4 protein chains.
Amino acid sequence: MGAASSSVSKIAREAGVSPATIYVYYKNKVDLLVSTYIQIKQNFSPALLKDFNDQLPIRDIFKHVWFNMFEHITNNLEYFKFVEQFSNSPYSSLVNKEAVEQYFDPLSKVLQTGIEQKIIKNVHPDILKAFMYYPIAVLANPSLCQDFELNAENIETAFTLAWDAIKR
Amino acid sequence: MGAASSSVSKIAREAGVSPATIYVYYKNKVDLLVSTYIQIKQNFSPALLKDFNDQLPIRDIFKHVWFNMFEHITNNLEYFKFVEQFSNSPYSSLVNKEAVEQYFDPLSKVLQTGIEQKIIKNVHPDILKAFMYYPIAVLANPSLCQDFELNAENIETAFTLAWDAIKR
Amino acid sequence: MGAASSSVSKIAREAGVSPATIYVYYKNKVDLLVSTYIQIKQNFSPALLKDFNDQLPIRDIFKHVWFNMFEHITNNLEYFKFVEQFSNSPYSSLVNKEAVEQYFDPLSKVLQTGIEQKIIKNVHPDILKAFMYYPIAVLANPSLCQDFELNAENIETAFTLAWDAIKR
Amino acid sequence: MGAASSSVSKIAREAGVSPATIYVYYKNKVDLLVSTYIQIKQNFSPALLKDFNDQLPIRDIFKHVWFNMFEHITNNLEYFKFVEQFSNSPYSSLVNKEAVEQYFDPLSKVLQTGIEQKIIKNVHPDILKAFMYYPIAVLANPSLCQDFELNAENIETAFTLAWDAIKR
DNA sequence: GATGAATGAGCCTTCATTCAT
DNA sequence: GATGAATGAAGGCTCATTCAT
């Protein structure tokens with residue numbers, strides 16, 4: 001069920017190598033999936049943080065990241081779908097979550113600062129993230145939102161809701 | 001990848017029947033999965049709409065549904081995970097989405113009313129749903145939010161953000 | 001290395017069934033090998049004990065069994081080779097040896113009686129068996145003894161040595 | 001099935017070289033196995049013939065060799081097991097048996113002499129060997145004789161049977 | 001001479017599915 | 001309607017072997 005549950009053979013074919021070659025680089029299929037997930041997550045980080053400027057007003061920082069994220073997801077939909085599926089699979093428990101989270105440290109710090117400056121609601125970070133990032137995952141996912149057009153206006157509107165959610 | 005990618009044999013064993021019996025009721029495995037998805041979605045509807053009262057203030061209606069949803073997901077985590085995985089799988093395109101959406105018509109109507117009464121932001125319904133429902137899916141999913149405690153206080157806090165997002 | 005290390009596919013082909021069918025009857029390859037070993041051992045027993053008569057003089061009893069064994073091995077060389085290989089493999093430790101030994105109880109009893117009647121040397125049973133049965137395994141195995149002809153005279157001669165070994 | 005059916009990779013790893021290096025010295029895996037078998041057999045010979053003295057009485061010569069063999073097998077169980085498995089495998093037919101036998105020529109000569117001096121039974125050499133050497137293989141093999149203790153007394157007792165078998 | 005990288009072939013096993021009963 | 005038995009196809013993985021370096 002799902003693209004990420006692709007077989008090793010298919011993954012190898014797409015990579016243009018023999019299935020056996022996969023096992024030269026990865027211990028087994030789980031290792032391949034976990035490594036790929038971590039790799040993709042690592043690549044997400046710089047994309048989100050492109051032109052990151054923590055001197056801007058907090059709202060602008062988030063808006064900037066929000067647009068980066070939309071762009072990156074849109075341009076890397078296959079990777080993004082893989083991440084979604086992986087996150088919902090039992091394998092996700094094999095990943096050292098803290099290590100992955102740290103790629104997004106700068107964002108956590110902005111959140112922290114926003115809370116301290118009483119700009120952002122002082123609630124559990126997971127709640128903030130659920131409103132700041134997850135709606136993007138839905139809206140940018142064509143199989144979930146077929147008739148939502150991903151133009152700048154709509155994305156900006158959506159950001160308004162995200163900001164209203166987290167701001168004090 | 002994932003609990004829902006169970007084999008027909010295992011599904012049959014859990015149901016206490018022979019694998020062959022499955023094929024008396026379903027054309028093939030895809031049919032089984034799709035039917036199960038629709039079935040679960042149908043069962044979601046009355047749970048969400050339990051004690052639904054469209055005479056209440058709009059905010060209270062949503063708050064009530066929001067709590068219903070948390071409770072139902074928490075008590076039916078396996079079904080919920082299946083739905084998440086299915087939604088992210090290629091099979092989801094085989095489902096007549098409008099038919100499924102209609103189970104949730106009463107909620108759409110409340111949204112509509114809220115917009116007309118200028119209580120809720122006049123934006124694409126998909127945007128509203130992305131903030132009204134999806135954050136629950138994240139927060140109620142233990143594998144995504146391990147250290148977020150699902151007590152009434154936290155859920156209420158989260159609702160505040162949801163409401164702030166969609167309200168005018 | 002060896003005929004018994006045949007693949008499941010080959011075993012299935014010889015049995016005229018699909019490899020998948022093997023797994024309807026056996027849990028896995030090890031189960032197949034162990035079950036086959038026990039089966040063959042069970043079939044050995046009645047062959048050795050054919051026309052067994054514990055009223056005869058002890059030497060005659062052994063001579064009779066000795067000839068039975070030669071005949072059975074010669075006529076079931078493939079099974080015998082499998083047993084030899086299996087015994088020398090790590091799988092052999094998975095077999096309940098006592099359960100298998102019990103098929104040959106009547107012979108153990110004859111040995112015991114012989115010892116009590118001071119006809120047979122009073123030594124560890126394993127030593128007796130090493131001279132009473134193992135030489136047959138060598139002599140009847142064409143790949144070990146190519147130029148030893150398995151005629152009645154040679155077998156009888158060999159028995160003389162076996163008997164001289166164990167008799168007092 | 002069996003320790004000797006190790007993979008080329010594992011054999012290389014144990015030898016501390018790359019699998020490819022194996023193919024510098026051996027044409028293929030069969031060549032490796034056959035060469036190893038012959039090598040081990042060659043090493044067996046001097047161990048058996050240690051302190052060989054053909055001036056001793058024939059019984060003493062055999063007793064001496066018998067003890068040498070027990071000691072060598074006990075100290076080189078892995079090699080011995082390999083030989084057992086190899087002998088029972090189809091590869092054994094690829095070995096020039098006479099060439100291997102010749103390493104044990106001195107023993108054959110003693111047998112010959114014993115026969116001529118009417119000390120040893122005048123029977124086919126294979127029969128003599130089946131009683132002179134094979135019982136050791138059984139008794140020294142822990143997986144075949146778990147509860148037979150390999151102390152000097154037991155070994156001496158076993159030798160008595162071997163000698164009674166072959167002596168006139 | 002030695003090896004890292006690569007792979008076709010094959011292995012054990014599971015799966016979705018069929019069909020006679 | 002229900003199922004036991006059977007299987008072709010495919011999956012994950014290992015292996016013996018090659019070859020460029």
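Remember, predicted model here, so these are calculated numbers, not experimental data. Chain letters run A, B, ... following the sequence lines, proteins first and then strands; every chain starts at 1.
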Can you name the side chain to side chain donor-acceptor pair (under 3.5 Å) partners of T21(D), sequence neighbours left out? none

I22(A) CD1 to dG12(F) P: how many Å, rounded? 10 Å

Can you name the side chain to side chain donor-acceptor pair (under 3.5 Å) partners of Y134(C), sequence neighbours left out? none

Using a 3.5 Å distance criterion without hydrogens, assess whether the side chain of S35(B) forms a donor-acceptor pair with backbone atoms of D31(B). yes

Phosphate-side-chain proximity, T21(A) and dT7(E), N/O vs OP1/OP2 below 4.0 Å: yes

Using whole Å, what does the distance between atom C1' of nucleotide dA5(F) and atom OH of Y26(C) come to? 15 Å

Can you list the residues that meet the side chain to side chain donor-acceptor pair (under 3.5 Å) rule with E101(D), with sequence neighbours excluded? K129(D)

Listed partners of N28(D) passing side chain to side chain donor-acceptor pair (under 3.5 Å), at least two apart: none

Could you write nucleotides 12-19 of chain E as a row of B, S and -, 5' to 3', where a protein heavy atom under 4.0 Å of any base atom gives B, of only sugar-phosphate atoms gives S, and otherwise -? SBBBSBBB

For S18(A) and for G16(D), find the nucleotide of DNA chain E with the closest heavy atom, then tell me which residue's nucleotide is more 5'. G16(D)

Who pairs with N96(A) by side-chain contact (heavy atoms from CB on, under 4.5 Å), at least two apart in sequence or on another chain? E98(A), A99(A)

Under the side-chain contact (heavy atoms from CB on, under 4.5 Å) test, which residues partner K10(D), sequence neighbours left out? S6(D), S7(D), R13(D)

Hey, where does DNA chain E pair up into stems, meaning at least three consecutive Watson-Crick or G-U pairs with distances under 3.5 Å? E:2-21 with F:2-21

Find the distance L33(C):CG to dC11(E):C1' and express it as a whole number of Å. 13 Å

Taking distance alone, no hydrogens or angles, what donor-acceptor pairs closer than 3.5 Å link side-chain atoms of residues 36-47 of chain D to residues at least two apart or in another chain?
{"from": "T36(D)", "atom 1": "OG1", "to": "L32(D)", "atom 2": "O", "distance (Å)": "2.6"}
{"from": "Q42(D)", "atom 1": "NE2", "to": "Y103(D)", "atom 2": "OH", "distance (Å)": "2.5"}
{"from": "S45(D)", "atom 1": "OG", "to": "Y103(D)", "atom 2": "O", "distance (Å)": "2.9"}

Between P on dG8(F) and CZ on R13(C), what's the gap in Å once rounded to a whole number? 12 Å

